[in-house]
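Here's the structure, in structure tokens; my notes come after.
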Number of protein chains: 2
Amino acid sequence: MTGGPSYKERKVITIGVVSELTGLTERQIRYYEERKLIFPERSPKGNRKYSFADVEQLIEIANKREEGVQTYEIRQEMVKAKRAEERKQRKELLRGEINARFGIQKE
Amino acid sequence: MTGGPSYKERKVITIGVVSELTGLTERQIRYYEERKLIFPERSPKGNRKYSFADVEQLIEIANKREEGVQTYEIRQEMVKAKRAEERKQRKELLRGEINARFGIQKE
DNA sequence: CGTGTAAGGAATTCTGACACG
DNA sequence: CGTGTAAGGAATTCTGACACG
């Protein structure tokens with residue numbers, strides 16, 4: 001809990017390197033951003049920077065595209081997964097609060 | 001044991017980003033390479049690429065430089081540390097071989 | 001020794017657009 | 001829809017060198 005995001009999440013990789021790592025063209029990578037499938041940060045002067053997690057996400061996207069899945073569908077899956085994740089988070093938070101007030105000694 | 005070097009060791013970061021991350025100038029970073037304190041890889045077209053481990057190494061170098069330690073001395077420390085590491089490795093390897101031939105059932 | 005800087009060139013990245021389908 | 005490409009400009013990176021000390 002000290003140094004911020006881990007190596008996997010730090011956004012430090014330029015688009016050219018991401019292209020090498022994923023086999024995708026820069027055009028494709030920028031397009032997937034336009035379709036909200038990937039969210040690079042920007043350097044001070046506006047260059048895109050990606051994390052290893054982004055690279056892995058892009059590889060998954062590439063696989064789905066090869067299977068003929070459209071970017072819109074991939075986007076829907078992502079939104080759905082994200083909502084499920086949030087539900088889980090809220091549930092755990094709630095369980096924690098309940099335990100803090102009533103828990104443990106009760107049973 | 002599958003996908004090669006981990007996030008920490010993959011050489012994917014360009015010198016400009018390393019400069020931001022470490023606070024060192026590109027000139028300094030290239031000079032420390034000349035003095036064999038750091039070993040970036042090269043992209044197909046010759047651009048330097050660094051790992052997170054390299055970034056951390058550079059931060060340590062920067063700290064030592066601030067204390068007035070010369071690059072030559074830093075280099076010596078690195079060589080020494082590397083040798084100690086190799087000795088440890090050989091020792092473990094040897095122990096493993098001995099165990100494989102004579103170990104365990106003997107006692 | 002360690003670092004700054006100006007120099008010139010090559011490679012990178014960016015955006016907006018046209019093309020095909 | 002998803003991707004290629006040519007266009008023009010701005011920023012990046014590279015090397016070898018001179019400077020100071």
Side-chain angles (χ1 to χ4, degrees), chain A residues 10-52 54-80, chain B residues 10-52 54-80:
Chain A
R10 293 294 293 279
K11 308 245 179 184
V12 296
I13 313 176
T14 55
I15 195 166
V17 177
V18 172
S19 175
E20 289 173 27
L21 257 31
T22 59
L24 295 166
T25 66
E26 298 184 10
R27 180 69 170 98
Q28 288 175 308
I29 297 167
R30 292 195 192 102
Y31 181 67
Y32 299 152
E33 177 183 359
E34 191 184 320
R35 300 311 308 272
K36 297 193 196 308
L37 300 183
I38 198 85
F39 305 93
E41 288 180 2
R42 296 286 180 137
S43 75
K45 289 125 178 181
N47 286 16
R48 273 167 264 248
K49 297 203 294 199
Y50 301 83
S51 66
F52 283 112
D54 291 332
V55 169
E56 293 180 6
Q57 175 76 27
L58 280 166
I59 290 171
E60 282 184 42
I61 292 168
N63 289 337
K64 286 185 188 159
R65 283 291 305 127
E66 277 178 34
E67 294 167 21
V69 185
Q70 296 193 335
T71 59
Y72 177 78
E73 303 173 273
I74 299 174
R75 167 86 175 137
Q76 292 311 305
E77 290 170 30
M78 283 177 55
V79 170
K80 209 184 261 183
Chain B
R10 292 295 292 279
K11 308 246 182 184
V12 296
I13 312 178
T14 56
I15 195 166
V17 177
V18 173
S19 175
E20 288 173 28
L21 257 31
T22 61
L24 296 166
T25 65
E26 298 183 10
R27 180 70 170 98
Q28 289 174 308
I29 297 167
R30 291 193 193 102
Y31 180 67
Y32 299 152
E33 177 182 359
E34 191 183 319
R35 301 312 309 273
K36 300 195 194 305
L37 300 182
I38 198 84
F39 305 92
E41 289 180 1
R42 297 284 180 138
S43 74
K45 288 123 178 185
N47 286 15
R48 274 167 263 249
K49 297 202 296 198
Y50 302 84
S51 66
F52 283 112
D54 291 331
V55 169
E56 292 179 7
Q57 175 76 27
L58 280 167
I59 290 170
E60 282 183 42
I61 292 167
N63 289 337
K64 288 186 185 156
R65 284 290 306 127
E66 277 177 33
E67 295 167 19
V69 186
Q70 295 193 337
T71 58
Y72 178 77
E73 303 173 272
I74 300 174
R75 167 87 176 137
Q76 292 310 307
E77 291 171 28
M78 282 178 54
V79 171
K80 210 185 261 185

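As a basis for the values below, the full set of heavy atoms in this structure was taken, side chains included, without hydrogen atoms, waters or symmetry mates. All of these numbers come straight from a predicted model, not from anything done at the bench. Numbers restart at 1 for each chain; the letters A, B, ... are given by sequence-line order, proteins then strands.
- Counting only heavy atoms from C-beta outward, the side chains of A/S43 and B/V17 never approach each other to under 4.5 Å.
- The side-chain heavy atoms of B/E60 and B/I74, taken from C-beta on, include no pair separated by under 4.5 Å.
- Only B/R65, B/Q70, B/T71, listed by number, bring a heavy atom of residues 64-77 of chain B to less than 4.0 angstrom from any atom of DNA chain C.
- Taken to the nearest 0.5 Å, the OH atom of A/Y50 stands 7.5 Å off from the CD1 atom of A/I38.
- One atom, CD of B/E33, and another, P of D/dT13, lie 14 Å apart when rounded to the nearest Å.
- A salt bridge is absent between B/R10 and A/E20: the closest approach of a Lys/Arg side-chain nitrogen to an acidic carboxylate oxygen does not fall below 4.0 angstrom.
- When both pairing distances are held under 3.5 Å, D/dA17 makes a Watson-Crick or G-U pair with C/dT5.
- Of the side-chain N and O atoms in B/Y31, one or more sit less than 4.0 angstrom from OP1 or OP2 of C/dG2.
- The structure places CD1 of A/I61 at 9.0 Å from CG of A/D54, a figure rounded to the nearest 0.5 Å.
- In this entry the distance linking CD of B/E26 with C1' of C/dA11 reads 14 Å, nearest Å.
- The distance from the CG atom of B/L37 to the OG1 atom of B/T71 is 6.0 Å, given to the nearest 0.5 Å.
- Look at CZ on B/R27: it is 14 Å from P on C/dA6, rounded to the nearest Å.
- Using a 4.0 Å cutoff on non-hydrogen atoms, the parts of residues 34-49 of chain A near DNA chain C are A/R42, A/G46, A/N47, A/R48, ordered by number.
- Here C/dG2 presents its C1' atom at 15 Å from CG of B/L58, a figure rounded to the nearest Å.
- With C/dA17, D/dT13, C/dT3 as the candidates, the nucleotide lying closest to the side chain of B/I15 is D/dT13.
- In this model, the phosphate group of D/dT12 is not approached by any side-chain N or O of A/T14 to a distance below 4.0 Å at OP1 or OP2.
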Evaluate salt bridge (Lys or Arg N to Asp or Glu O under 4.0 Å) for B/R48 paired with B/E34, printing each intermediate quantity in order. CA-CA 13 Å; B/R48 274 167 263 249; B/E34 191 183 319; over 6 Å; no

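- Donor-acceptor pairing under 3.5 Å, judged by distance alone, is absent between the side chain of A/R30 and the base of C/dT15.
- For B/Q28, the side-chain atoms get nearest to C/dG4 when compared with the rest of D/dG4, C/dG4, C/dT13.
- Within the model, atoms CZ of B/R65 and CD of B/Q28 stand 8.5 Å from one another, a figure rounded to the nearest 0.5 Å.
- One N or O on the side chain of A/K11 and one on the backbone of A/F39 form a donor-acceptor pair closer than 3.5 Å.
- Nucleotide D/dT12 holds its C1' atom 12 Å from the CD atom of B/E20, rounded to whole Å.
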